[in-house]
Amino acid sequence: MEGKKKTLSVLWSVLAVLAILVLGMGVRYGLAKLRKEPKQVEVPEAHLDVTVMTAHAKDVPVVIEERGQVRPLNTVQITPEVAGNVVAIHPRLEVGEVIEKGALLFRIDPRNYTAAQAQAQAQVMQSKSALERIRKQSKIDEQRLGTLRRSRELTHDEYKRVARLFEEEQVGAQSGVDAAEMSFNQANDAYDVLAQAIALYPTRIQEAQSALAAAEAQVALATANMDRTEVYTPFTARIKTVQVEEGQYVAPGAPVLTLADDSILEIAVGVDSRDARKWLQFDEDAPASADEAWFSSLAQTPCKVRWTESPESQYWEGSLHRVISFDDRTRTLTLAVRLTAEQAQRGAGEMPLVDGMFCSVEIPGRTMKQVYELPRWLVTFEGEVYVAEEGRLARRTVQVVRKQGDYVYVAEGLKDGEQIITTRLVNPLPNSLLRIQQEEPVMEEHAAEASQ
């Protein structure tokens, strides 16, 4: 009985589950019949509003722009060459004054140097007299030497005669022979002494001539020191520093004035060696020098110079002159840009280019052949630009050959006539649909504005 009850209980449970499933399916079917299909709505593809410019390849001259400070080509420090008190100075010896060439700057008390010059001249006269005396004495002694030679011969003959008479004929005495021999010896000694003195005359004359030359050198030194008591301007000079006053004692070695020659000005500018190698112009027709390894054929091209305090004003025109140095630490070439005083001037009432001004210098270089000029911001950090291709956005990887001012110049990656997107885009989706609003003017117009 218990087994039958359990079987009936399981059967009723299964029937209950089936009933619930059937009921659920019926409800679902009924709800499905009640649901209506939604209306299909077409969503248009989103587009980007952009402006474009047309790429045109062209030749662009390179301009290397660097900065430097104007300096006079020649700056001279004036140092006294003799010591003494300053007894006179130029009436306009002040910083900033321009003094003409050959003007007296200052005078040192010359009295000591005048006395030294007179003393040296007296020494010259004394040396000349001594030389003349030696020469005259030499001539006199040469004449005396002939007389002594004859005396020596006579005394020698007399000695031989007396000695022969005494030895052969027993005439005379031994004392007579001795006296004759003594006279001969004395005459011979006198001759030898004078002959030796005459042999030394060339040496004495040479010594006297050396003494005269030394005295004349002292005169030249004293005269030079006399001249050095007066200091003149070596060129038309601008006074940069003054450290001398009337009555002041000055000594050699201590600079008292600094003079600047403003007739020629130079600006030293540093150029990266890579830019120099690629873009600097060298005279290809200049013959290479086998005697020097240096930049001897640098083309002296005209350069534009602008004062950084007034960059919008009219520029000055100088010329590239030479390579000053190569810095192995920074890998830069230092170039000299030179201007004459006439080039540095402007019209009346306008500022000239002067010593100390900090300037920007535009150096014309070689020409880039068939490049595309783009604003800097159009090229991404990854070296890409966005272009419109069949109405959709595309990316182009480009090769930038130079950055110059606000523009970059692309050699590869673009095609002539291609539309470059000029609207600033932030992480746009590739192949996005584009709607072109307007086309920017051709970049030649920007280039013309930048060159002025």
K.L.:
To the nearest 0.5 Å, tell me how far T332 OG1 sits from D275 CG.
P.N.:
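One gets 11.5 Å once the value is rounded to the nearest 0.5 Å.
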K.L.:
Between Q243 and P255, which heavy-atom pair has the shortest distance, and what is it?
P.N.:
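Closest pair (atom of Q243, atom of P255, distance): OE1-O, 3.2 Å.
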K.L.:
With a 3.5 Å distance limit and no angle check, can you tell me whether E246 reaches the backbone of I89 through a side-chain donor-acceptor pair?
P.N.:
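Not confirmed, E246 side chain does not pair with I89 backbone.
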K.L.:
Can you see whether S360 engages T308 through a side-chain donor-acceptor pair at a distance of less than 3.5 angstrom?
P.N.:
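Checked: S360/T308 side chains show no N/O donor-acceptor pair below 3.5 Å.
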K.L.:
Are side-chain N/O atoms of E342 and T340 paired as donor and acceptor at under 3.5 Å?
P.N.:
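Note: E342 and T340 side chains miss the donor-acceptor criterion.
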K.L.:
Using a strict threshold of under 4.0 Å (side-chain N to carboxylate O), is an ion pair present between R376 and D406?
P.N.:
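Salt bridge between D406 and R376, a charged N being under 4.0 Å from a carboxylate O: no.
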K.L.:
Within a radius of less than 6.0 Å around CD of Q196, do more than 12 heavy atoms belonging to other residues, nucleotides or ligands occur?
P.N.:
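Result for CD/Q196: open.
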K.L.:
Pick from E389, E384, E412: which one makes a side-chain hydrogen bond (donor to acceptor under 3.5 Å, both in side chains) with R396?
P.N.:
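When E389, E384, E412 are each tested with R396, the side-chain hydrogen bond (donor to acceptor under 3.5 Å, both in side chains) holds only for E389.
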K.L.:
Verify, without hydrogens or angle tests, whether Q248 (side chain) and E245 (backbone) share a donor-acceptor contact under 3.5 angstrom.
P.N.:
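A pair under 3.5 Å: yes.
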K.L.:
Hey, what do you get for OG (S432) to OH (Y386), rounding to the nearest 0.5 Å?
P.N.:
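Reported value, rounded in 0.5 Å steps: 10.0 Å.
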K.L.:
Against the six-membered ring of W377, is R424 placed for a cation-pi contact (under 6.0 Å from the centre, within 45° of the normal)?
P.N.:
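Yes - R424 lies over the ring of W377, closer than 6.0 Å to its centre and within 45° of its axis.
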K.L.:
Between E418 and K415 (side chain of the first, backbone of the second, donor and acceptor by atom type, cut-off under 3.5 Å), is there such a pair?
P.N.:
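It does hold such a pair.
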K.L.:
Taking G102's backbone N and O only, do any of them form a donor-acceptor pair with T233's side chain (distance below 3.5 Å, no angle check)?
P.N.:
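Yes: the side chain of T233 pairs with the backbone of G102.
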K.L.:
Are K101 and F235 in a cation-pi contact, defined as NZ or CZ under 6.0 Å from the six-membered ring centre and within 45° of the axis?
P.N.:
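Judged by the rule (NZ or CZ under 6.0 Å from the ring centre, within 45° of its axis), K101 is not positioned above F235.
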K.L.:
Would the distance check show the side chain of R107 and the main-chain N or O of V86 forming a donor-acceptor pair, the cut-off being under 3.5 Å?
P.N.:
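No: the side chain of R107 does not pair with the backbone of V86.
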K.L.:
What is the distance from atom CD1 of I108 to atom CZ of F106, rounded to the nearest 0.5 Å?
P.N.:
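Result: 5.5 Å between the selected atoms.
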K.L.:
I need the minimum non-hydrogen distance between G247 and N85, along with the two atoms involved.
P.N.:
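The answer is O-OD1, 4.1 Å.
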K.L.:
Can you tell me if E390 has over 12 outside heavy atoms packed within less than 6.0 Å of its CD?
P.N.:
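No.
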K.L.:
For S310 and W307, indicate whether the former's side chain and the latter's backbone hold a donor-acceptor pair under 3.5 Å.
P.N.:
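Checked: no pair found.
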K.L.:
Check R435 against D49 and note the closest heavy-atom contact, atom names and distance.
P.N.:
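Heavy-atom minimum between the residues: NE-OD1, 2.8 Å.
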K.L.:
Do V244 and I78 come close enough that some side-chain heavy atom pair is under 4.5 Å?
P.N.:
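Not touching, per the 4.5 Å side-chain cut-off.
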K.L.:
Give, for atom CD1 of I134 and atom OG1 of T203, the distance between the pair rounded to the nearest 0.5 Å.
P.N.:
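The OG1 atom of T203 is 11.0 Å from CD1 of I134, to the nearest 0.5 Å.
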K.L.:
Going through the checks in order, is the side chain to side chain contact (heavy atoms under 4.5 Å, CB included) test met by T367 and V60?
P.N.:
CA-CA 6 Å; T367 299; V60 178; 5.8 Å; no
K.L.:
Do we see a donor-acceptor contact under 3.5 Å between the side chains of Q117 and T223?
P.N.:
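The answer is yes; a qualifying pair exists.
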K.L.:
For the side chain of S210 and the backbone of Q206, is there at least one donor-acceptor N/O pair under 3.5 Å apart?
P.N.:
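The answer is yes, because a donor-acceptor pair under 3.5 Å joins these two groups.
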K.L.:
Could you check Y113 against R228 for side chain to side chain contact (heavy atoms under 4.5 Å, CB included), going step by step and ending with a plain yes or no?
P.N.:
CA-CA 10 Å; Y113 304 101; R228 290 166 182 158; over 6 Å; no
K.L.:
Would you say the side chains of E373 and Y409 form a donor-acceptor pair under 3.5 Å?
P.N.:
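Looking only at side-chain atoms, Y409 and E373 do form a donor-acceptor pair, the distance falling under 3.5 Å.
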K.L.:
Can you tell me if W316 uses its side chain to pair, donor with acceptor, with the backbone of A344 under 3.5 Å?
P.N.:
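Checking the backbone N and O of A344 against the side chain of W316, a donor-acceptor pair under 3.5 Å is found.
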K.L.:
Tell me, do V410 and V371 make a side-chain contact under 4.5 Å, heavy atoms counted?
P.N.:
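No - every pair of side-chain heavy atoms lies 4.5 Å or more apart.
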K.L.:
Which residue, R71, Q69, R322, forms the side-chain hydrogen bond (donor to acceptor under 3.5 Å, both in side chains) with E266?
P.N.:
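That would be R322.
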K.L.:
To the nearest 0.5 Å, what is the distance between CG on L433 and CG on L393?
P.N.:
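Nearest 0.5 Å value for the CG-CG distance: 10.5 Å.
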K.L.:
Side chain to side chain contact (heavy atoms under 4.5 Å, CB included) between Y372 and D416: does it pass, once the steps are laid out?
P.N.:
CA-CA 9 Å; Y372 300 94; D416 215 50; 3.7 Å; yes
K.L.:
Are any non-hydrogen side-chain atoms of K278 and R366 less than 4.5 angstrom apart?
P.N.:
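No, side chains not in contact.
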K.L.:
Any heavy-atom pair between the side chains of R67 and V361 that's under 4.5 Å?
P.N.:
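A side-chain contact is absent here, since even the closest heavy-atom pair is not under 4.5 Å.
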K.L.:
Taking the basic N atoms (NZ, or NE/NH1/NH2) and the acidic carboxylate oxygens, is any pair closer than 4.0 Å for R306 and E362?
P.N.:
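Judged by the 4.0 Å cut-off on N to carboxylate O distance, R306 and E362 do form a salt bridge.
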K.L.:
Do the charged groups of E65 and K304 touch, with an N to O distance under 4.0 Å?
P.N.:
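The answer is no: the pair does not qualify as a salt bridge.
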K.L.:
Is any NZ, NE, NH1 or NH2 atom of the basic residue among R238 and E97 found under 4.0 Å from an Asp or Glu carboxylate oxygen of the other?
P.N.:
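E97 and R238: not salt-bridged.
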K.L.:
Quick one: does any side-chain atom of R338 pair with a main-chain N or O of L265 as donor and acceptor, under 3.5 Å?
P.N.:
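Side chain of R338 to backbone of L265: no pair is present.
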K.L.:
With the side chain counted from C-beta on, respond yes when C359 and L353 share a heavy-atom pair under 4.5 Å apart, and no when they do not.
P.N.:
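They are in side-chain contact.
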K.L.:
State, to 0.1 Å, how close V52 and A388 come at their nearest heavy-atom pair, and which atoms those are.
P.N.:
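In this case the closest contact between V52 and A388 is CG1-CB, 4.5 Å.
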K.L.:
Rounded at 0.5 Å granularity, tell me how far OG1 in T236 sits from CG in D262.
P.N.:
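Here the rounded value is 10.5 Å.
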K.L.:
Side chains of I99 and L93: does their closest heavy-atom pair fall under 4.5 Å?
P.N.:
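The answer is yes; the side chains approach within 4.5 Å.
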K.L.:
Check whether any side-chain heavy atom of N74 lies under 4.5 Å from a side-chain heavy atom of I264, and answer yes or no.
P.N.:
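No, too far: nothing below the 4.5 Å cut-off.
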K.L.:
More than 12 heavy atoms of other residues, nucleotides or ligands under 6.0 Å from NZ of K240: yes or no?
P.N.:
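More than 12 within 6.0 Å, yes.
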K.L.:
Heavy atoms, side chains only, cut-off 4.5 Å: are D327 and T334 in contact?
P.N.:
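Answer no - side chains too far apart.
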K.L.:
Indicate yes or no for a side-chain donor-acceptor contact from T75 to the backbone of A260 under 3.5 Å, with no hydrogens or angles considered.
P.N.:
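Judged by distance alone, no pair lies under 3.5 Å.
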K.L.:
Could you check E66 against I64 for side chain to side chain contact (heavy atoms under 4.5 Å, CB included), going step by step and ending with a plain yes or no?
P.N.:
CA-CA 7 Å; E66 298 294 344; I64 302 172; 4.2 Å; yes
